[in-house]
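Report on the structure given below.
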2 protein chains.
Amino acid sequence: MKFSKKSEYGLRALLELCETYGGRVLQRHEIAERQNIPVEFLEQILLALKRAGLLASRRGIRGGYSLIKSPEEITLGQVIRILDGPLAPISCVSRTAYQKCSDCPYATKASCPLQEAMGEVRDAIANILDHYTLSRFALSKQAEGSYAHHKRS
Amino acid sequence: MKFSKKSEYGLRALLELCETYGGRVLQRHEIAERQNIPVEFLEQILLALKRAGLLASRRGIRGGYSLIKSPEEITLGQVIRILDGPLAPISCVSRTAYQKCSDCPYATKASCPLQEAMGEVRDAIANILDHYTLSRFALSKQAEGSYAHHKRS
DNA sequence: GATTTTGTCTAGTGAGTTGCTCAAGAATTC
DNA sequence: GAATTCTTGAGCAACTCACTAGACAAAATC
């Protein structure tokens, strides 16, 4: 019941990209160094986020990545689903990737105990993550002292 | 972000054991057949639940497994932790198996954005599963028609 | 237009986990 | 003591995770 490193790295990378939102682009190695992420692995993550429409990129000598949606519009739920797949703890309660369980004796019945319980869990997780915006997420970063920024200074 | 088959099978097995709670024992193959679970795999699960103190077993010709705690006292959270490990989506927010993240640049800082978000998720999951008793869980089973029981008839 | 600097794409890989199987042994009952 | 059941431990194929490597494509600069 864990999120993968992919999601973790992805979210940490977006933390950096939030900061330069509207401004300059960030290169893979900048993000990788600041967030302590293996650069080639990070690349795959950034590309996935790009394909999903969150990031834009430019190649060449002044290239890099940048956010193309406002941090207010992006939720942690979106990001995690892109990188880790559906949030649901079992696939028969997934809204985004439903799959009927093949071996469960309740599959054909009106109600399934597991579905009921796991449905609640799914809803709780989605409820938090689909309302947790990147901008709120990035706030916690500014809280700590040694990284202090002058916003738009 | 999925629960394993182990947890799923374990919970489904307990569904059967709830029904005979206080009465007769159930043998592996009975549970396996009714719940459509590979018997040798189920065995490992039952033994884990036994070691954790939820089940008792008797060997020999009239042997089998039985619940030794009341379904009111057992929560889904307990069962899942036994079979799947901690509920926390990342280990740096686990209450039962905390581990400081080694590579995260916020590990030494006062606050970590990821920890804050994932802490909320952890709490939500634990809040549901640690209050979801087996007796409530088993209720959904009785709801469906073709399995109708006369309780203590 | 050639070189350098970036991103893009595909494939591979070692370690670990999942989901299950097998076989030998120990307790219990009849 | 024979049959039946749980107990233990090992084994294993398939898959996933977290990276790594390398060839390629575009953009900027000289």
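Because the structure is predicted, anything quoted here is derived from the model rather than measured. All chains are named by letter (A, B, ...) in the order of the sequence lines, taking the proteins before the strands, and each is independently numbered beginning at 1.
In this structure, B/L67 and B/C18 have side chains that are in contact, with non-hydrogen atoms separated by less than 4.5 Å.
The nucleotide whose nearest atom lies closest to any side-chain atom of B/P38 is, among C/dC20, C/dT6, D/dT20, C/dC20. Nearest to the side-chain atoms of A/R51 among the listed nucleotides D/dA25, C/dC9, D/dT7 stands C/dC9. Comparing D/dT7, D/dA26, C/dT21 by their nearest atom to the side chain of B/F41 picks out C/dT21. Comparing atom distances between the A/R59 side chain and each of D/dA25, C/dA26, D/dA28 picks out D/dA25 as nearest. When each of D/dT29, D/dC19, D/dC6 is scored by its nearest atom to the side-chain atoms of A/I61, the top-ranked nucleotide is D/dT29. Of the candidate nucleotides D/dT5, D/dA18, D/dT20, D/dA18 has the atom lying nearest to any side-chain atom of A/K5. Listed nucleotides D/dT20, C/dT8, D/dT5 differ in distance to A/E40; the shortest reach to its side chain belongs to D/dT20.
In this structure, A/D84 contributes its side chain and A/F3 its backbone to no donor-acceptor pair below 3.5 Å. No donor-acceptor pair closer than 3.5 Å links the side chain of B/E16 to the backbone N or O of B/E30. In terms of modelled atom types and a separation under 3.5 Å, the side chain of B/R122 and the main chain of B/A126 share no donor-acceptor contact. For B/E116 (side chain) and A/F137 (main-chain N/O), no donor-acceptor pair under 3.5 Å exists by modelled atom type.
Along DNA chain C, the nucleotide nearest B/G63 and the nucleotide nearest A/L26 are compared for position; the residue whose nucleotide lies closer to the 5' end is A/L26. DNA chain D is contacted by both A/R58 and A/D84; A/D84 maps to the nucleotide lying nearer its 5′ end (nearest heavy atom per residue). When the nearest nucleotides of DNA chain D are assigned to A/Q44 and B/Q44 by heavy-atom distance, the more 5′-ward of the two goes with B/Q44.
In this structure, the CG atom of B/L42 is 12 Å from the C1' atom of C/dC20, given to the nearest Å. In this structure, NE2 of B/H29 is placed 10 Å from C1' of D/dT5, rounded to the nearest angstrom. Computed from coordinates, the B/Q35 CD to C/dG19 P distance equals 17 Å when rounded to whole Å. Between the CG atom of A/L46 and the P atom of C/dC9 there is a distance of 13 Å, rounded to whole Å. Nucleotide D/dC19 holds its P atom 10 Å from the CD1 atom of A/I37, rounded to whole Å. One interatomic measurement links the two molecules: CG of B/L83 to P of C/dT17, which rounds to 17 Å at whole-angstrom precision. As a whole-Å value, the separation of B/L55 CG from D/dC6 P is 11 Å. Distance B/I45 CD1 to D/dT7 C1': 16 Å, rounded to the nearest Å.
Backbone-only engagement by B/K50 is indicated by non-hydrogen atom pairs under 4.0 Å involving sugar-phosphate atoms exclusively. Contacts of B/F3 with the nucleic acid, taken as non-hydrogen atoms under 4.0 Å apart, are absent.
At C/dG19, none of the side-chain N or O atoms of B/Y9 fall inside 4.0 Å of OP1 or OP2 (strictly under the cut-off). When the side-chain nitrogen and oxygen atoms of A/S57 are compared with OP1 and OP2 of C/dT8, one or more of them lie within a distance under 4.0 Å. Side-chain nitrogen and oxygen atoms of B/Y65 include none within less than 4.0 Å of the OP1 or OP2 phosphate oxygen of D/dT5. When the side-chain nitrogen and oxygen atoms of B/S4 are compared with OP1 and OP2 of C/dT17, none of them lie within a distance under 4.0 Å.
Put simply, the side chain of B/Q27 and the base of D/dT4 share no donor and acceptor less than 3.5 Å apart.
A/K6 approaches A/L83 most closely through the heavy-atom pair O-CD1, 3.5 Å.
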